[in-house]
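So the structure is just underneath, and the comments pick up after that.
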Amino acid sequence: MTRIDATFARLRSQNRKGFVAYIMAGDPDVATTLELMRGMPAAGVDVIELGMPFTDPMADGPTIQSAGQRALAGGQTMDKTLQLVRDFRAGDAQTPIVLMGYYNPIYARGVPRFLAEAAAAGVDGLIVVDLPPEEDAELCLPAQAAGLNFIRLATPTTDAKRLPKVLENTSGFVYYVSVTGITGAAAAEAAEVGPEVARIKASTALPVIVGFGITTPEAAESIAGLADGCVVGSAIVKLIGEGKPVAEVLAKVASLAAGAHRA
């Protein structure tokens, strides 16, 4: 059982929803990222998603694109991202960390090397948005053999024919993308999300976590109430991009987490 599995089992036993927070590694610098990560569990974050900066983030909107550009301009590398996880793990052995991003930086490093280093650093799962299920032998299956969950995205366009393939080798949780398009582009609508989450849950025992388009505690509460929890990224990353103090960013995170936990 991974930390992700254990976390959602605990939440289920407490009849609570989960809150997942996304930030970009190295945005605006390594020290700030680490301070934010260390403050997130106390702010109510159940799972940390750590973005791996990439030059061509096709699923991301301007807010997260800019975060990746800031991180890369500041010299962020895969070595530094993995070191962030190691440094966080030195003080926290419980909170799951998911690396989220694109395949190119992993491919460039070499899959066996990346997986060995990620597992040793204390990474618990991967979300790699540009690898379809047809390529599971490339990374998904080796990742699971290395003890990492491989978390797949389902979207409003994932129809009944496609869904079984998407779910086939998914583990940890299913990330349901609540809007058609890029991150930060539109608001999640509960009336549309509810039936889609129910459809996915009818096909899997995995937790279903909803992301994209959640920016307020009220939205976090309403969307988490339809699923097993929610993910917020752009609303947090926006504050980081504005140069807000870490304490202010974590206060926003705490308000969003409280909304999800009220559901």
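Since this is a predicted model, take the numbers as computed values, not measurements.
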### Query
Under 3.5 Å, is there a donor-acceptor pair between the side chain of R3 and the main chain of G125?
no
### Message
I'd like to know if the side chain of E192 pairs up with that of S178 as donor and acceptor (distance under 3.5 Å, no hydrogens or angles considered).
### Response
no
### Task
First locate atom CG of L50, then atom CD1 of I23, and finally report the distance between them rounded to the nearest 0.5 Å.
6.0 Å
### Query
What distance do S234 atom OG and F212 atom CZ have between them, rounded to the nearest 0.5 Å?
8.0 Å
### Donor-acceptor pair, side chain of N149 and main chain of I151, under 3.5 angstrom
no
### Task
Report the distance from atom CG of N104 to atom CE of M52, rounding to the nearest 0.5 Å.
10.5 Å
Between side-chain atoms of residues 241-250 and protein atoms elsewhere (two or more places apart, or another chain), which donor-acceptor pairs fall under 3.5 Å?
from	atom 1	to	atom 2	distance (Å)
E242	OE2	K238	NZ	2.7

### Query
Are L126 and L167 connected in the hydrophobic side-chain network, where two residues link if heavy atoms are under 4.5 Å apart?
yes
### Summary
Between the CD1 atom in I4 and the OG1 atom in T95, the distance rounded to the nearest 0.5 Å is 11.5 Å
### Query
Distance-only, no hydrogens or angles: does the E49 side chain make a donor-acceptor pair with backbone N or O of M100 under 3.5 Å?
no
### Task
Kindly give the heavy-atom pair with the smallest separation between P28 and I240, and that separation in Å.
CD-CG2, 3.7 Å
### Query
Is the backbone N or O of G26 less than 3.5 Å from a side-chain atom of T33, with the two atoms forming a donor-acceptor pair by type?
yes
### Message
If we ignore hydrogens and angles and just use 3.5 Å, is the side chain of D46 paired with the main-chain N or O of F19 as donor and acceptor?
### Response
yes
### Query
Would you call R38 and E35 a salt bridge, using N to O less than 4.0 angstrom?
no
### Task
Look only at the side chain of D87 and the backbone of L84, and say whether a donor-acceptor pair between them is shorter than 3.5 Å.
no
### Query
Does any pair with a residue in residues 63-77 pass salt bridge (Lys or Arg N to Asp or Glu O under 4.0 Å), and if so which ones, sequence neighbours excluded?
D27-R70
## Note on the structure
To the nearest 0.5 Å, atom OG1 of T216 lies from atom NZ of K252 at 7.0 Å
N/O donor to acceptor pairs below 3.5 angstrom from side-chain atoms of residues 217-228, sequence neighbours left out:
from	atom 1	to	atom 2	distance (Å)
E221	OE1	R262	NE	3.3
S222	OG	E218	O	3.4
S222	OG	A219	O	3.1
D228	OD1	K201	NZ	3.4
D228	OD2	K201	NZ	2.7
D228	OD2	V208	N	2.7

### Query
How far apart are the closest heavy atoms of P105 and P53, and which atoms are they?
CG-O, 4.3 Å
### Task
For side-chain hydrogen bond (donor to acceptor under 3.5 Å, both in side chains), just list the numbers for Y103 and E135, CA-CA rounded to whole Å, side-chain angles, deciding distance to a tenth of an Å, and then say yes or no.
CA-CA 11 Å; Y103 185 47; E135 305 299 331; over 6 Å; no
### Query
With side chains defined as the heavy atoms from C-beta onward, is the minimum distance between E168 and C140 less than 4.5 Å?
no
### Donor + acceptor pair across side chains of Q83, D79 (<3.5 Å)
no
### Message
Could you check whether any side-chain N or O of T170 sits under 3.5 Å from a backbone N or O of V166, counting only pairs where one atom can act as donor and the other as acceptor?
### Response
yes
### Task
Quick one: pull up CG in D92 and CZ in R89 and give me the separation to the nearest 0.5 Å.
6.0 Å
